[in-house]
Every structure is written in structure tokens, then in C-alpha cells.
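Note that the coordinates shown come from a computational prediction; the quantities given were computed from them, not determined experimentally.
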Amino acid sequence: MDINIFRGVMTLIIMLLFIGLCIWVYSKKRKPMYEDAARMALDDDDKESSAKNGKKAVTHE
């Protein structure tokens, strides 16, 4: 096997893995997980500020 054929096959494999990863990341079934992660910092701030004020924390459901 020539080294150039090996490099071409490895490039193709890496490219297919990258495309598969992009499809997996942007799939619709992962959207709720990303939304929860985006709210995580805001939820922590709400809990800390309400604990200081003696109020009940507001949850986003």
C-alpha cells in the first residue's frame, strides 16, 4: 500500500468522523440538554440571591 493511499483513507475517515460528530451535536434530541445547560448559571444566581433575601427560589419549568 502506497503512503498516499493511506493518507487519503485516513483523511476520509477523519472527515466522516467530523461530519458524524456535527450531526450528533446539532441533532434535535440534544436540544433540551443544551437549554438546561444554558439556564444553569442563571438558576444558580436565582438560588443564591433568593437565599440571601430569604425568598423562595424561582424555577424554570
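- Neither Phe18 nor Val25 shares a network with the other; the hydrophobic side chains, linked directly or stepwise wherever heavy atoms of I, L, V, M, F, W or Y lie under 4.5 Å apart, form separate groups for each.
- Rounded to the nearest 0.5 Å, atoms CD1 (Ile23) and CZ (Arg30) are 13.5 Å apart.
- Of the inter-residue distances, the one linking Arg7 atom CZ with Asp2 atom CG reads 9.0 Å to the nearest 0.5 angstrom.
- Atoms CG and CG, from Leu17 and Leu12 in turn, are 9.5 Å apart once rounded to the nearest 0.5 Å.
- Under the side-chain contact (heavy atoms from CB on, under 4.5 Å) criterion, Ile14 pairs with no residue, sequence neighbours left out.
- With hydrophobic clusters built from ILVMFWY side chains whose heavy atoms lie under 4.5 angstrom apart, Leu21 does not share a cluster with Ile13.
- Residue Arg39 holds its CZ atom at 15.0 Å from OH of Tyr34, rounded to the nearest 0.5 Å.
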